[in-house]
Protein chains: 2
Amino acid sequence: MYEAITIKDIGKALGLSTSTVSRALRGSYEISSETKKLVLEYAEKINYRPNPVALSLKGRRNCSIGVIVSEIANNFFSQAINGIESIAYNRGYHIIISQSHESYEREVVNIHHLASRSVDGLLVSLSSETKDLSHLINLHEKGLPIVFFDRVTNEINTYKVIADNQKASYDATTHLINKGYKKIAHITSAVNLSITKERLEGYKNALTENGIAYNEKYVQYCNHGGMMTEEIEEALKSLMAQKQKPDAVVTASDRITTCLLSATKKLKIKVPEQLAIVGFTNTNIPELFNPPITTIRQPAFEMGQVATELLIKIIESKRPVTEFETKVLDTELTVRESA
Amino acid sequence: MYEAITIKDIGKALGLSTSTVSRALRGSYEISSETKKLVLEYAEKINYRPNPVALSLKGRRNCSIGVIVSEIANNFFSQAINGIESIAYNRGYHIIISQSHESYEREVVNIHHLASRSVDGLLVSLSSETKDLSHLINLHEKGLPIVFFDRVTNEINTYKVIADNQKASYDATTHLINKGYKKIAHITSAVNLSITKERLEGYKNALTENGIAYNEKYVQYCNHGGMMTEEIEEALKSLMAQKQKPDAVVTASDRITTCLLSATKKLKIKVPEQLAIVGFTNTNIPELFNPPITTIRQPAFEMGQVATELLIKIIESKRPVTEFETKVLDTELTVRESA
DNA sequence: TTTAATTACGCAAACGTTCCCATGCAGTTG
DNA sequence: CAACTGCATGGGAACGTTTGCGTAATTAAA
């Protein structure tokens, strides 16, 4: 279709073999500086670009990183992606973004696609449906560098970057308790996600430490993570239908928080009078909501940056990396009118 | 790195040549049905996946579509991408997303990267800095299918998908006029974008048709399209510093609208008492803002879908497509309290 | 029975690049 | 002057796949 300029064309034009041209372009010490200069200048002139597909076939790095998240249309992830890109761009890497839409099947398909297009590494935030990790374990065992962020797993030993979810929801819950709320509910994501567990843990700890009994009925899991508004609405209805209506709620994700606010409006529940809300969200405009919303903000951009740095570190490491750690970044609780 | 299963492995295991295996997998008529069955079953069994990199090298389609937008962290674009993906996924295409961050340079680099990874086609929404289109013209002339959406150009003859921007901002402006506002400002994106021109046109038309003089000073261009909050704040300050302060404003993009609302809060300008606002935005939660905001909503998801269908149509067309059209989709004005 | 057609398969080139292994030549050493 | 070294370069295989062409075996037609 496009007849791109190849190394052969250069060779032909200059009366050199392809091997010489290839070496000259890579600056091999074997090539005389005159020839190098000649080749380099000519290549520059005709605007030669090596064909990355051919490079991939030869098994060389192609300086691209695959990113898979559940949903781009989500403040947290889009900010994280911007962080990823900010580092990748500086280090000469391209990023290829893919979405799982919280579907296990799509996650598998997309990860295979990325791997088979021979990205040099993968930045992964798991879908909420994912329980079986064999697709990733396979790739990891074959040596593909992988770094997890936000939604991680401990079935794979590699670098992970997460927010201090446990502490964040502990603080949020404690804040509510200190404000005098006693019947605090928790609306959270799919039960098997790492973030769900961590956030639930913090919530529980805060309750028990303050002598409030943990009530299972106050915890609502949303398997679609807020992608479906009905789900949140159901959760809210189910909470408000209980004999002991909760007077506050800690929400565990970006979409859940905004959807919940929407749902309270729809069901005419007054915030914070009837129900106080403090939620995880990375919206840029929490103060514009009615009421301005008390938020737990994750350092999304920074998480993306850190994850990318770690990934590139593995990719560029001469020897296989075997010592990994999990970076835990601080969150930020900002109190506004909703709680 | 990963030793994937190749066609050779299958051949070796089955005592067949690679060509036979290849043909059997593609269902060639030259291969006996027994052999086909044998190969197919074995391939299935060992979970063979053709190497897309090798396929690309051979110049075959690889069923992937490159998408470039200015910014993912933008309701309009993330919804459009979801629309793109919904079609692509059904038709067996993968999408590779890239951001220009409104930078011409990044747009060029990323488009080259996508093209050189031999995507089958490109879905493009131009960056606000882009004036020179030679990078795209080149690819287009070489036969790479390209469809533009939202931010288009008429320098390239291909399919385009846009919202009816002219009508949308005409309607919005008319709505303000009907509400009694007379001093209507317009905060918009970079001056050279197609959407900017179209939206400005509608704004102007509404004014003149209602006997209101068009005032150049009431139009503020934001070259970063709302990516920088300061820019919007400056625009607002500059408007409010005029002798004849505007009493209403039509904002021309997602980020501009929310940033403007933020800025009014910061500068303690009451909406809609001191300044009415109606804006283009695709936020899912316009009713949650304070005040609930009057919006012009673009059919982002649908635009993505239509653009993708058209692109795949070009990609899969046997003969070169030469007749193109520009699809114009309706927008939706929803009146809320901000105007 | 000979010849032609058909079927079912293999060989090898090609895509663009890298890289190991020559090869030729100049200069140096003994 | 033979043997070696170092240098600059070329030849060609390899990566995984497709595909044009060739060909053996079988079958059908003459």
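Everything numeric here is computed off the predicted structure, so don't read it as measured data.
Scanning for salt bridge (charged side-chain N to carboxylate O under 4.0 Å, His left out) contacts around B:Glu105 gives an empty result, with sequence neighbours left out. Remark: B:Ser28 engages no residue in a side-chain hydrogen bond (donor to acceptor under 3.5 Å, both in side chains) (not counting sequence neighbours). Residues that satisfy the side-chain hydrogen bond (donor to acceptor under 3.5 Å, both in side chains) test with B:Glu302, not counting sequence neighbours, are absent from this structure. Remark: B:Glu102 engages B:Arg151 in a salt bridge (charged side-chain N to carboxylate O under 4.0 Å, His left out) (not counting sequence neighbours). Partners of B:His101 by ring-ring contact (aromatic ring centres under 6.0 Å, His included), not counting sequence neighbours: none found. In this structure B:Glu30 satisfies the salt bridge (charged side-chain N to carboxylate O under 4.0 Å, His left out) test together with B:Arg23, sequence neighbours excluded. Listed by chain and residue number, A:His94 satisfy the ring-ring contact (aromatic ring centres under 6.0 Å, His included) test with B:His113 (two or more places apart in sequence, or in another chain). In this structure B:Thr326 satisfies the side-chain hydrogen bond (donor to acceptor under 3.5 Å, both in side chains) test with no other residue, sequence neighbours excluded. The salt bridge (charged side-chain N to carboxylate O under 4.0 Å, His left out) test applied to A:Glu41 returns no partner, not counting sequence neighbours.
Across residues 12-35 of chain B, B:Ser19, B:Ser22, B:Arg23, B:Arg26 each have a non-hydrogen atom less than 4.0 Å from an atom of DNA chain D (numbered order).
Atom CG of A:Leu57 and atom C1' of C:dC15 are 9 Å apart (whole Å). As a whole-Å value, the separation of A:Ile7 CD1 from C:dT17 C1' is 6 Å. Summarising the geometry, the separation between CD1 on B:Ile10 and P on C:dG10 is reported as 14 Å, rounded to the nearest angstrom.
Formation of a donor-acceptor pair under 3.5 Å by the A:Ser194 side chain with backbone atoms of A:Val152 is found in this model.
Axis angle between the ends of the helix from C:dT1-D:dA30 to C:dG30-D:dC1, five pairs each and rounded to 10 degrees, works out to 70°.
The footprint of chain A on DNA chain D, defined by a heavy-atom cutoff below 4.0 Å, extends from D:dA8 to D:dG16.
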